[in-house]
Amino acid sequence: MKKDFLWGCASAANQFEGGFDEDGRGLANVDIIPMGEKRFQYSTGRMNSLELSEDFFYPSHTGTDFYHHYKEDLKLFHEMGMKCFRMSIAWTRIFPNGDEDQPNEKGIQFYENVFKECQKYGIEPLVTITHFDCPIHLIRTYGGWKNRIMIQFYEKLVRILAERFHSYVKYWVTFNEINMVLHLPFMGAGLVIEDESRELQDMYTAIHHELVASAMATKILHEIDPECKVGSMLAAGTTYPNTPNPEDIWLALEKNRDVYFFLDVQSRGYYPAYGLKRLERLGIQIPFCEGDKELLEENTNDYITFSYYSSRLTSAAQTNLKTTEGNVFATLRNPYLEASEWGWQIDPLGFRITLNNIYDRYQKPLFVVENGLGARDELVPDGKGGYTVEDDDRIDYLRKHIRALKQAVEEDGVELWGYTTWGCIDLVSASTGQMSKRYGLIYVDRNDDGSGTLKRYRKKSFYWYQKVIQTNGECL
Ligand code: BGP
C-alpha cells in the first residue's frame with residue numbers, strides 16, 4: 001500500500017454525537033426516528049406526526065455522546081494510530097432551522113474544536129456534509145428535498161462550512177449513501193409519504209435536487225479552496241445473478257444500474273441514457289431547471305466514496321432461496337455466504353469485485369468510507385484490572401476485507417486513497433436504532449434502553465487495527 005494511504009474509522013453525527021438540544025442545535029429528521037418497531041415506518045416516511053412523542057425512545061438524542069467526549073475520543077483515535085477520521089456535520093447545529101440568515105456560532109465552534117483536536121494529532125478529517133440529517137423545520141415548512149428551495153439552504157450550509165473550515169478539511173463528501181433516498185426516503189431526503197402514487201416521483205424529484213445540490217457544493221468548495229477534494233458516496237455492493245440464465249444476468253445488470261445511476265450523474269456529469277429511458281417509461285419527470293445541466297456537467301466529483309457491507313443476489317425466476325433479513329436492501333440469501341446475526345451476508349471477495357466494478361466504470365480515485373461488522377459484544381476482564389471485548393469475529397471480518405482491498409489495489413491496480421471502518425467507536429445502528437448492534441473498535445457502556453455510564457473501553461480489535469495501521473496493512 002502507498003505510504004500515504006489513509007487508514008481510519010468512520011462515524012455519523014446523528015448516530016454518535018448526541019447533545020441533540022444543546023448550544024442552540026435544532027431538531028432534525030433523525031431526532032424523531034424512534035427505536036423499536038416503528039423505526040422503519042419513520043425512516044421510510046410513513047408516520048403521521050413530525051413531533052417528538054413521550055411514547056418513544058430516541059437513540060440519536062444521546063448517541064454515544066461524542067459531543068461531550070470528543071477530546072477523550074480523539075485521543076483514543078490517535079492512540080489507535082488513525083490517520084483519517086470520517087465524521088459528519090449535524091446541519092441543525094450550524095443552522096438550527098435550516099433557513100436562517102446567520103449560522104449558530106456555537107455549533108460552528110464545536111466543529112472547529114473537533115478539527116483542532118484532529119490537527120493536534122495529525123488526523124485527517126473526512127467530512128460528510130449530510131449523513132441522513134435534515135432540519136425538521138425544512139420538512140415541516142417546505143416538504144424536504146422534494147422542494148427545490150432545499151438547494152438554496154444546502155448551498156448556504158456548504159458556503160459556511162467551506163469558508164470556516166477549508167483550512168482544516170481537505171476531503172469532503174456531499175451526501176451519505178445518496179441512493180438510500182430510494183429505500184429510506186425520510187432518512188435520506190426528509191420525505192413524508194402521504195400519497196403512495198406519487199412516491200416514486202417525489203423520490204426522483206428529491207434525488208434530482210440532491211444531485212444538483214451536490215454539484216453546487218462541489219463548485220463552491222472548489223471556488224473557496226481549489227485544493228480540496230469533493231466526493232460522492234454510495235451504498236455499494238455488487239448484485240450477482242443467481243444463475244447463468246441470461247434473464248438473471250439482465251436483472252442483475254438492471255439492479256446494479258439502479259445503484260450506479262447516482263454515480264453516473266455525479267461522476268460523468270449527465271443522466272445516463274438507460275436512466276432517462278427508464279424514468280420516462282415509469283412516467284417520472286425530472287424537474288430540470290435552467291442551468292442544471294451545465295452545473296452537473298461542470299462539477300463532477302473528484303473521487304468516489306462508498307460503503308460496502310455485503311454483495312447482493314437476484315433471480316428473475318422463482319427460487320427456493322429465502323431473502324435476507326434486517327438489511328434495508330432485501331436480497332436473496334446467497335448459499336455460499338455466511339451471515340452476521342442481523343442477517344447481513346459476509347463476502348470479502350464481493351468487496352474486491354465491487355472495488356473493481358466501480359473503478360472500471362469511472363476510472364476515478366476511490367475511498368472506502370464504511371465497512372464493518374455489526375455484532376453483539378460482551379465486556380470481560382482484560383487480566384490487567386480493566387475490561388475489554390474479545391471481538392474476534394469483527395477482527396476476522398475486517399482482516400478478510402482488508403485482504404480483499406489489498407488485492408484490489410496491489411493486484412488489480414485500483415486507485416484507492418483510503419479506508420475507514422464503520423465505526424471508530426460504538427454508535428447507534430442506523431437501521432435498527434440499537435446499541436447492541438455494535439460496530440466500534442472501542443466499546444461504549446450504553447445499552448438499548450439508554451442505560452449505561454458511557455465509559456469507553458478498548459476492544460481487542462482496537463489493538464489489532466493499531467497494528468494494521470502501524471505496518472501499513474502488512475500485519476493482518
Ligand atoms: C450505512 C450507514 C451508516 C451505518 C451503516 C451500518 O448504511 O451509512 O450510517 O449505520 O450503514 O448500518 P446499521 O447501523 O443499520 O447496521
Side-chain angles (χ1 to χ4, degrees), residues 9-18 28-31 33-36 39-40 42-44 59-60 63-64 66 85-91 126-134 173-189 210 231-237 259 262 304-312 324-331 339-346 351 354 367-377 393-394 397-398 401 419-441 444 446 448:
C9 302
S11 67
N14 79 86
Q15 292 166 260
F16 169 53
E17 218 173 66
N29 57 342
V30 284
D31 300 324
I33 301 180
M35 161 107 180
R39 189 171 179 86
F40 191 65
Y42 271 78
S43 306
T44 53
S60 79
T64 38
F66 180 66
F85 171 41
R86 177 181 177 224
M87 52 174 277
S88 78
I89 303 285
W91 188 339
L126 184 149
V127 174
T128 316
I129 296 168
T130 46
H131 191 127
F132 296 152
D133 68 342
C134 177
V173 167
T174 52
F175 289 89
N176 181 60
E177 294 186 335
I178 189 162
N179 49 326
M180 206 54 104
V181 177
L182 290 174
H183 305 273
L184 302 174
F186 183 67
M187 218 182 213
E210 288 196 1
S232 348
M233 157 47 163
L234 198 71
V259 177
F262 297 81
I304 292 165
T305 80
F306 64 92
S307 60
Y308 175 85
Y309 292 90
S310 187
S311 56
R312 294 162 197 147
T324 54
E325 294 150 13
N327 191 332
V328 280
F329 291 98
T331 159
S340 79
E341 195 186 324
W342 276 265
W344 293 32
Q345 296 196 294
I346 300 173
F351 189 27
T354 301
F367 204 129
V368 177
V369 293
E370 280 184 41
N371 172 240
L373 179 72
R376 273 176 220 283
D377 287 334
D393 286 352
R394 182 169 297 110
Y397 179 102
L398 294 173
H401 283 78
Y419 170 79
T420 58
T421 66
W422 184 262
C424 322
I425 183 167
D426 289 342
L427 29 67
V428 172
S429 156
S431 55
T432 69
Q434 289 169 299
M435 268 309 306
S436 49
K437 189 184 186 191
R438 295 176 183 273
Y439 283 92
L441 311 184
V444 181
R446 173 117 177 135
D448 286 346

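In listed order, ligands and their atoms are each counted from 1. Just so it is clear, the model here is predicted, and its values are computed rather than measured.
Ligand-side atoms of ligand 1 in range of S429: 13 (P), 14 (O), 15 (O), 16 (O), range being under 4.0 angstrom from any heavy atom. Of all atoms in ligand 1, listed by their number and element, those nearer than 4.0 Å to a heavy atom of Q15 are 3 (C), 4 (C), 9 (O), 10 (O). Atoms of ligand 1 lying under 4.0 Å from at least one heavy atom of K437, given by number and element, are 13 (P), 16 (O).
No part of W342 comes within 4.0 Å of ligand 1, judged by heavy-atom distances. The parts of A430 lying near ligand 1 are both backbone and side chain, judged by heavy-atom distances below 4.0 Å. Only the side chain of N176 comes within 4.0 Å of ligand 1, counting heavy atoms alone; its backbone N, CA, C and O stay farther away.
Scanning the protein heavy atoms around atom 11 (O) of ligand 1, the nearest turns out to be E370 OE1, 3.5 Å. The protein heavy atom nearest to atom 7 (O) of ligand 1 is E177 OE1, 2.6 Å. From the protein, the heavy atom lying nearest to atom 12 (O) of ligand 1 is W344 CH2, 3.4 Å. Nearest non-hydrogen protein atom to atom 6 (C) of ligand 1 is Y439 OH, 3.5 Å. The shortest contact between atom 5 (C) of ligand 1 and any protein heavy atom is with Y309 OH, 3.2 Å. Scanning the protein for heavy atoms near atom 15 (O) of ligand 1, the closest one is S431 OG, 2.5 Å.
Of the N and O atoms on the side chains of R39 and T432, not one donor lies less than 3.5 Å from an acceptor on the other residue. Side-chain atoms of N371 and Y397 form a donor-acceptor pair, as typed in the model, at a separation below 3.5 Å.
Between the N179 side chain and the A235 main chain, a donor and an acceptor come within less than 3.5 Å of each other.
With contacts defined as side-chain heavy-atom distances shorter than 4.5 Å, the pair R86/N176 qualifies.
The CD atom of E17 sits 7.0 Å away from atom OG of S88, with the distance rounded to the nearest 0.5 Å.
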Show the numbers, then the answer: is there a side-chain hydrogen bond (donor to acceptor under 3.5 Å, both in side chains) between S436 and D448? CA-CA 6 Å; S436 49; D448 286 346; 2.7 Å; yes
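Using the six-membered ring where Trp is involved, H401 and F351 have ring planes that are tilted, between 30° and 60° apart.
The side chain to side chain donor-acceptor pair (under 3.5 Å) test with E370 is passed by exactly one of Y439, W422, Y309: Y309.
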